[in-house]
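Just so you know, these numbers use all the heavy atoms, side chains as well, and skip hydrogens, waters and symmetry mates. If you read the sequence from its start, that first residue is 1, and numbering goes on from there.
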Amino acid sequence: MDIIIRENYKLMSKYAAEIIAGYVRSKPDCVLGLATGSTPIGTYQELVRMHREEGLDFSQVKTFNLDEYLGAGIDLEKAYPMDQSYARFMHEELLKNINIKKENIHIPDGRTKDPKKFCIWYEEEIKKAGGIDLQLLGLGGDGHWGFNEPGSSLGSRTRVVVLTQQTLDDNYEAFYKKANIERSEMPHFAITMGIGTILEARNILMIVNGARKADMVAKCLEGPITSQITASAIQLHGGEISVVLDEGAASKLLHTDHYRHVESIKRQYGL
């Protein structure tokens, strides 16, 4: 596991985007797993810049998103802040700004009439695509990935979940409140990739910023593996893992000096 610490959110986002761009350049038809939330916005902005200014080509890339609210779907007739679907988030923050083909974009369908059948289909589509080469992840306030709330099985697959109160509160403050949408109008269910699905990605890139998540970062990376902190499953992954943090998010790690030393040695030897 490579733990990379950068001074601030901008530099963290730039570094994460460079990792993703490296996969796209080395394997133009790579499969990317994508995440929503406030943390990846800076990374997506940098990828858009690379596409526009450096010719980063997404024309053969396939993407699979982690999750979507059940009952939600993109509505381009609404102003962006009033459409809280994750499909709209991805459209605005990344997908409409790069040259990816529409048929290569996969986002859970929150409006499906048969969620159970859809979840099975989504798993099959990931397998048909050859699996996910690089999965981008954030970190929820209670240590979750996607909508895999505390107590989720570490072997779980794509499924419908009930959102916890903390997730509802966090998402209300981050998104719904700013859109003047009542708390009571928020969806209480979601479709999410499972932890087992995520761990099948060949490589993982997790990005976290801000001191408010520092305790959870430390528990996830240096604490015991537990279903109560589903992102602690990162310790089980056997592929290449990059964890990119800003100074705030890294502030509670016990072995910060070691992580900085390892990164310095790798840079020295071009690893």
Side-chain angles (χ1 to χ4, degrees), residues 1-4 12-13 15-44 46-47 58 60-68 86-87 89-90 93-95 98 100 104-108 119 122-140 143-149 152-159 161 190-209 217 220-221 225 229-245 249:
M1 186 187 304
D2 290 332
I3 298 177
I4 301 100
M12 180 200 84
S13 299
Y15 192 93
E18 288 170 352
I19 291 175
I20 296 170
Y23 278 86
V24 175
R25 292 189 182 107
S26 64
K27 186 181 179 185
D29 61 347
C30 67
V31 180
L32 300 177
L34 300 179
T36 53
S38 56
T39 304
I41 290 176
T43 299
Y44 292 152
E46 179 64 13
L47 288 173
F58 291 88
Q60 299 179 61
V61 171
K62 293 184 176 69
T63 64
F64 287 87
N65 262 74
L66 282 173
D67 45 20
E68 177 63 279
Y86 282 178
F89 173 95
M90 292 306 306
E93 301 297 342
L94 179 65
L95 300 174
I98 58 176
I100 190 168
N104 287 345
I105 298 168
H106 303 82
I107 300 173
C119 292
Y122 203 67
E123 291 273 340
E124 291 173 348
E125 287 300 299
I126 294 173
K127 290 178 182 177
K128 282 183 186 178
I132 293 172
D133 291 300
L134 178 66
Q135 177 65 59
L136 175 65
L137 299 161
L139 182 67
H144 68 255
W145 277 342
F147 279 125
N148 291 284
E149 307 286 35
S152 296
S153 166
L154 299 186
S156 56
R157 314 303 302 186
T158 302
R159 68 204 188 284
V161 296
I191 295 173
T192 186
M193 278 190 205
I195 297 299
T197 310
I198 292 169
L199 290 178
E200 287 179 355
R202 281 180 275 279
N203 306 286
I204 285 177
L205 168 60
M206 187 169 81
I207 56 176
V208 192
N209 71 293
V217 167
C220 170
L221 300 181
I225 300 168
I229 301 174
T230 54
S232 67
I234 195 170
Q235 298 177 51
L236 296 171
H237 194 266
E240 183 175 308
I241 303 169
S242 298
V243 180
V244 188
L245 311 168

Side-chain (S156) to main-chain (I195) donor-acceptor, under 3.5 angstrom: yes
Does I126 offer a backbone N or O that forms a donor-acceptor pair with the side chain of H106 under 3.5 Å? no
Is there side-chain contact between N104 and V61, with heavy atoms separated by less than 4.5 Å? no
Just by distance, no angles: are the side chains of S152 and R159 close enough, under 3.5 Å, to form a donor-acceptor pair? yes
Distance from Y15 atom OH to L245 atom CG, nearest 0.5 Å? 11.5 Å
Going by the salt bridge (charged side-chain N to carboxylate O under 4.0 Å, His left out) test, which pairs reach into residues 192-206, not counting sequence neighbours? D133-R202, R157-E200
Hey, could you give me the CD1/CG distance between I198 and L137, rounded to the nearest 0.5 Å? 5.5 Å
Decide yes or no for H144 and T192: does some side-chain heavy atom of the first lie under 4.5 Å from some side-chain heavy atom of the second? no
Walk me through it: do L32 and L136 pass the test side chain to side chain contact (heavy atoms under 4.5 Å, CB included)? CA-CA 8 Å; L32 300 177; L136 175 65; over 6 Å; no
Pick out which of L66, L199, D67 makes a side chain to side chain contact (heavy atoms under 4.5 Å, CB included) with W145. L199
Verdict with supporting geometry, E124 and K127, salt bridge (charged side-chain N to carboxylate O under 4.0 Å, His left out): CA-CA 5 Å; E124 291 173 348; K127 290 178 182 177; over 6 Å; no
Looking only at non-hydrogen atoms, find the nearest pair between N65 and P108 and report the distance. O-CD, 3.6 Å
Side chain to side chain contact (heavy atoms under 4.5 Å, CB included) assessment of V208 paired with L221: CA-CA 12 Å; V208 192; L221 300 181; over 6 Å; no
Could you measure the distance from the CG atom of L236 to the CD1 atom of I225? Nearest 0.5 Å is fine. 4.0 Å
Report yes if the side chains of E93 and L34 come closer than 4.5 Å at any heavy-atom pair, otherwise no. no
Within the distance-only criterion (no hydrogens, no angle test), does the side chain of E68 pair as donor or acceptor with the backbone N or O of A87 below 3.5 angstrom? yes
Is it the case that the side chain of T39 and the backbone of G138 share a donor-acceptor pair, with hydrogens and angles ignored and the cut-off at 3.5 Å? no
Which is it for F64 and Q135 under the side chain to side chain contact (heavy atoms under 4.5 Å, CB included) test, yes or no, and what are the steps along the way? CA-CA 9 Å; F64 287 87; Q135 177 65 59; over 6 Å; no
Backbone of V24 reached by a side-chain donor or acceptor of Q60 within 3.5 Å: no
One pair to check against side chain to side chain contact (heavy atoms under 4.5 Å, CB included): L205 and V244. What are the steps and the verdict? CA-CA 8 Å; L205 168 60; V244 188; 3.7 Å; yes
Going by distance alone, is a donor N or O of one side chain under 3.5 Å from an acceptor N or O of the other, for E46 and S13? no
Could you tell me which non-hydrogen atom of Y23 sits nearest to which non-hydrogen atom of L134, and how far apart they are? CD1-CD2, 3.6 Å
Where the side chain of N203 meets the backbone of E240, is there a donor-acceptor pair that is under 3.5 Å apart? yes
